[in-house]
J.: 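First, the structure itself, so that you have it in front of you.
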Amino acid sequence: MSGYEPKAIESKWQEVWAAERTWEVPNPGQPGFDAEKPKAYVCEMLPYPSGEPHVGHLKCYAVGDAIAHFRRRQGFQVMHPMGYDAFGLPAENNAIKTGEPPRVATERSIESFRRQFRSWGVSIDWSRELATHQPEYYRWTQWIFLQLFERGLAYRTEAPVQWCPKDATVLANEQVIDGRCERCGTEVIQKKLEQWFFKITDYADRLLEGFGALESWPEHVITMQRNWIGRSEGAEVVFRCDEVDLDFPVFTTRPDTLFGATFFVLAPEHPQLEKLVAGTPAEAAVREYVDRVGRESAEERGAEDREKTGVALGRTVVNPVNGEEIPMYVADYVLMEYGTGAIMAVPGHDSRDYDFAQAFDLPVKRVIEGTDPEAPGDAAGLPYTGDGPMVNSGRFDGQGNRDAYDAIVAWLAEEGRGKTAVNYRLRDWLLSRQRYWGAPIPIVYCEECGAVPVPEDQLPVELPEIEDYAPHGQSPLAAATDWVSTECPKCGGAARRETDTMDTFVDSSWYYIRYLDPRNAEAAWDRGAANHWMPVDQYIGGVEHAILHLMYARFLVKALADLGHLEAQEPFASLFAQGMITRDGAKMSKSRGNTVSPAEYVERYGADTARTYVCFMGPPERGGDWTDEGVEGVNRFLSRLWRLCEEVAERTAPGGDPAATEGDARTLVAKAHWSIDKATHDFERGFQFNTVISAVMELINDAYRRKDGLYGDPGGEAALRFAVATAASLIFPFAPHLGSEVYERMTGERVWEQPWPTAEEAMLVSDTVTLVVQVNGKLRARIEAPADAPQGELLAAAKANENVAKFLDGKQVVKEIVVPGKLVNLVVK
RNA sequence: GCCCGGGUGGCGAAACUGGUAAACGCGGCGCCCUUAAAAGGCGCUACCGCAUUGCGGUUCGCGGGUUCGAGUCCCGCCCCGGGCACCA
């Protein structure tokens, strides 16, 4: 008998799958397509190829592949492709440092990823492999851009943007974390630049409504997106400044507090500020304040517990509800990006306005009765943010503030001084990057015609080869002068190309559609293929993409559906967010030196061990700490399965009937059915892989304990073969190579061609059950009883138990509870 | 501050709709195999007490409640992780 040698087994089966193209799946209309089978599209978030795959990739694909295998054997036609998110900053920064073209480094990484993924035995349809940096791919990224451009969903405008001085590029709002660049951690500064945007804000409500159509997304991911979109309902109310003849609309969620407005604040970036103070005594102070704020970073400005600062403008506006003139201020606690960049300040019922009023000695007026004992307030209990009856509010006095809310908005609307309004925190998606390694934006600038889209038949606009990748405040592409100068597609005159490239999130927002028709040179995808396979039934990836990637993809699918290119309204019906694997309790990083190289473990223990381990370490949606002892434990289990297989293959003959067994053999067969039942349930109940695997471990343990008594008996041997084959069948989604090998040895069949096993109901019930006997809820004894014994009999048996009797002695039984098959509880006094 | 997760042995964890807390794995201890070691096989392993098998007590972050019975349901708190945050 030889030991478990994963290398030999794994390469054997990988060769079979490659030679037979086992995991390839045809599109509707292609040969081999089975219209009878339901489809299941299983997709992992495509990896960014940098260096080598890390454990996060291993876990993602171990989980995804288990699901793919499970669905296949449940009778689905499974689409399971993969590709590479190949554009992006790391390769470009490497190019700046070493001079090596990003394409070269990227393709080297892709090669390494491909090799390792193959060595993991993941059941990928490799015929559909793609990489986003290939012109055949980004041609269609550009096409999508043009589609959006034509419908006004892509536009260019000058806007204050977040600029990372180190990477010398703008960042999307979503890429700024705590005022710092998500990528390199440098403090972000504000700049005003002409930039390209996608109008994702047009889809804010659709993105919120779409949650209802999703099948299974983690609640917290939906919440994160909902918060990010940040929809709030309220009213727009116009405050007028007669002195300069200007209207100042504000957005408020509390129109019921309008009577309490005692001052008015503009953001430092407000466009009318100049007009308000030009030539007034306040001009110098205001200008100085605005300059100072402008020099501060987003982080400084947003700091917690920041003192309220501002400057009076020496102007007033009229409160439309009561005609009061209230003073105007400029202050940095008002943000230009949200609402209208101006607010009515109600210090009595808003803590920020209250702080400002305290700092500037402004009046605080109560308009709603009530106190909030929880909240810190002054002697009068202000600021108060709760509900209550209205006071000091003219004809609304006495009404509940919630009722007054609607009445005030209706009244203002009649007067033409306000209306209901909705505001979003979500900003449009800034997609241009002043970088080289991305898909060029297919636009040409002509003196005569302005921004002209590159005609479809001239796509792709290919990236030129350049020498210097370093950014100099503009895209490195600007230096490729031959490439930049072109002719206008409209008038034929001299024109220059857009030198910005697209955010790589654009590339990764639609790849899962391209997988469905990856070699199509005529279109981004075939409608029939897309409509058949979309949406992705199960998407798998890390939570770190909960907002950015997942929201962009949702937006793009909705936009493409509106443009008539897709039927699907959502890209991902179900989402599985895997937890992060740590080492020594800390996030893995090269600088910390605690990284785990999957290749090393695959080399030492085999892919089956590595894959099974990441699925066994805990519930996959939670994180877990990687330990070598844990890996060895799983390897020990797989070896045990292997050795048992060897022994059973040698000592038993195939062909017995496991159903016709009795005694110990039958107990083992029953255990196998129990494992099938447990594994299937836990698989379906949110992919509880750790307990699926533990069920197989229990089966193997049971087989080991019984095997020596079963050899030599035909029923016993049939039971052993059945148990080992069942274990192989159930472990196959996690350890596909060993599962295939063991299953073949036991049955002569290929496990992936077999349907997922089903447990026989009859084998799940036993004739006798262990009954728990409690006295006053405390466990006093366990008794064996026939499963079908009547309640009276169970009670009698319970009372007859010696230990139970001890606790009943001298007491009176006041209540008897019998849960058949479970317990007896006797309540005594 | 607001919104999500989560707190169970020495460790990772398990416990279906309230019904034997700790399955499975790691680690530890013991035994078998072996000249020996490794590998492997078999057992024990929540804590405390008395003790001979055994028996009793305590235990799911803390404090209350509902119930014959609560890790599970309800109320109030504490701690850890994540997201958002001067968003009007």
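Each chain gets a letter, A, B and so on, in the order its sequence line appears, and its residues count up from 1.
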J.: Under 4.0 Å between a side-chain N or O of A:R780 and OP1 or OP2 of B:rG57?
T.: yes
J.: May I ask you to evaluate whether A:R685 reaches the phosphate of B:rU17, defined as a side-chain N or O under 4.0 Å from OP1 or OP2?
T.: no
J.: Expressed in angstrom and rounded to an integer, what is the separation of A:L779 atom CG from B:rG18 atom C1'?
T.: 17 Å
J.: Restricting to salt bridge (charged side-chain N to carboxylate O under 4.0 Å, His left out), what partner residues turn up for A:D625, sequence neighbours left out?
T.: none
J.: Would you classify A:V221 as touching base, sugar-phosphate or nothing, given that sugar-phosphate means primed atoms plus P, OP1 and OP2, and contacts are heavy atoms under 4.0 Å?
T.: nothing
J.: Nearest heavy atom decides the nucleotide; on that basis, is A:Y424 or A:K678 closer to the 5' end of RNA chain B?
T.: A:K678
J.: Rounding to a whole Å, what distance do you find between A:K822:NZ and B:rA21:P?
T.: 13 Å
J.: State whether A:R425 places a side-chain N or O below 4.0 Å from either non-bridging phosphate oxygen (OP1 or OP2) of B:rA85.
T.: yes
J.: With A:F576, which residues qualify under ring-ring contact (aromatic ring centres under 6.0 Å, His included), at least two apart?
T.: A:F687
J.: Could you pull out the protein-nucleic contacts involving nucleotides 22-28 of chain B (nitrogen or oxygen on both sides, under 3.5 Å)?
T.:
unit_1	atom_1	unit_2	atom_2	d
B:rA23	O2'	A:E698	OE2	2.7
B:rG25	OP1	A:N701	ND2	3.1
B:rC26	OP1	A:R636	NH1	2.6

J.: Could you check, using the six-membered ring where one of them is a Trp, whether A:F356 and A:Y329 have ring centers closer than 6.0 angstrom?
T.: yes
J.: Which nucleotide wins on minimum distance to the side chain of A:Y338, given the candidates B:rA88, B:rG56, B:rC86?
T.: B:rA88
J.: Going by heavy atoms in the side chains, are A:Y711 and A:D708 under 4.5 Å from each other?
T.: yes
J.: For A:N803 and B:rG54, is the shortest distance between a side-chain N/O and OP1 or OP2 below 4.0 Å?
T.: no
J.: Can you sort out the partners of A:T253 under side-chain hydrogen bond (donor to acceptor under 3.5 Å, both in side chains), two or more places apart, ordered by chain and number?
T.: none
J.: For A:E784, I'd like to know if atom CD has over 12 heavy atoms of other residues, nucleotides or ligands within 6.0 Å.
T.: yes
J.: Under the rule for side-chain hydrogen bond (donor to acceptor under 3.5 Å, both in side chains), what residues qualify as partners of A:E698, not counting sequence neighbours?
T.: A:K671
J.: Would you kindly compare A:K778 and A:E307 by the position of their nearest RNA chain B nucleotide and give the one closer to the 5′ end?
T.: A:K778
J.: Hey, is the side chain of A:S232 poking within less than 4.0 Å of OP1 or OP2 on B:rA88, counting only N and O atoms?
T.: yes
J.: Would you mind classifying the nucleic acid contact of A:R622 as base, sugar-phosphate or nothing, using non-hydrogen atoms under 4.0 angstrom?
T.: sugar-phosphate
J.: Of the listed nucleotides (B:rC86, B:rC84, B:rA88), which one gets closest to any side-chain atom of A:T253?
T.: B:rA88
J.: Checking A:N227 against A:R425: is there a side-chain donor and acceptor pair closer than 3.5 Å?
T.: no
J.: Could you pull out all residues at least two apart from A:R292 that satisfy salt bridge (charged side-chain N to carboxylate O under 4.0 Å, His left out)?
T.: none
J.: May I ask you to say what A:F264 touches in the nucleic acid, namely base, sugar-phosphate or nothing, with a heavy-atom cut-off under 4.0 Å?
T.: nothing
J.: Which residues pass the salt bridge (charged side-chain N to carboxylate O under 4.0 Å, His left out) test with A:E236, not counting sequence neighbours?
T.: none
J.: Any N/O pairs under 3.5 Å between the protein and nucleotides 45-51 of chain B? List them or say none.
T.:
none

J.: Tell me every residue that passes side-chain hydrogen bond (donor to acceptor under 3.5 Å, both in side chains) with A:T758, counting only those two or more places apart in sequence or in another chain.
T.: none
J.: Aromatic contact between A:F689 and A:F683, with the criterion being ring centroids under 6.0 Å apart: yes or no?
T.: yes
J.: Counting any heavy atom closer than 4.0 Å, what does A:P619 reach on the DNA or RNA strands: base, sugar-phosphate only, or nothing?
T.: sugar-phosphate
J.: Base, sugar-phosphate or nothing for A:K587? Non-hydrogen atoms, less than 4.0 Å.
T.: nothing
J.: Do A:Y601 and A:D628 have a side chain donor and acceptor closer than 3.5 Å?
T.: yes
J.: Just jot down the salt bridge (charged side-chain N to carboxylate O under 4.0 Å, His left out) partners of A:K822, sequence neighbours excluded, or say none.
T.: none
J.: Taking the six-membered ring for Trp, are A:H270 and A:F248 ring centroids under 6.0 Å apart?
T.: yes
J.: How does RNA chain B read in dot-bracket, base by base from 5' to 3', with Watson-Crick or G-U pairs under 3.5 Å and | used when the partner is on another strand?
T.: (((((((..(((......[....)))((((((.......))))))(((((...)))))..(((((..]....))))))))))))....
J.: What pairs of nitrogen or oxygen atoms, one from the protein and one from nucleotides 63-71 of chain B, lie under 3.5 Å apart?
T.:
unit_1	atom_1	unit_2	atom_2	d
B:rC68	OP1	A:K815	NZ	3.3
B:rC68	O2'	A:N825	ND2	3.4
B:rC68	O2	A:N825	ND2	2.6

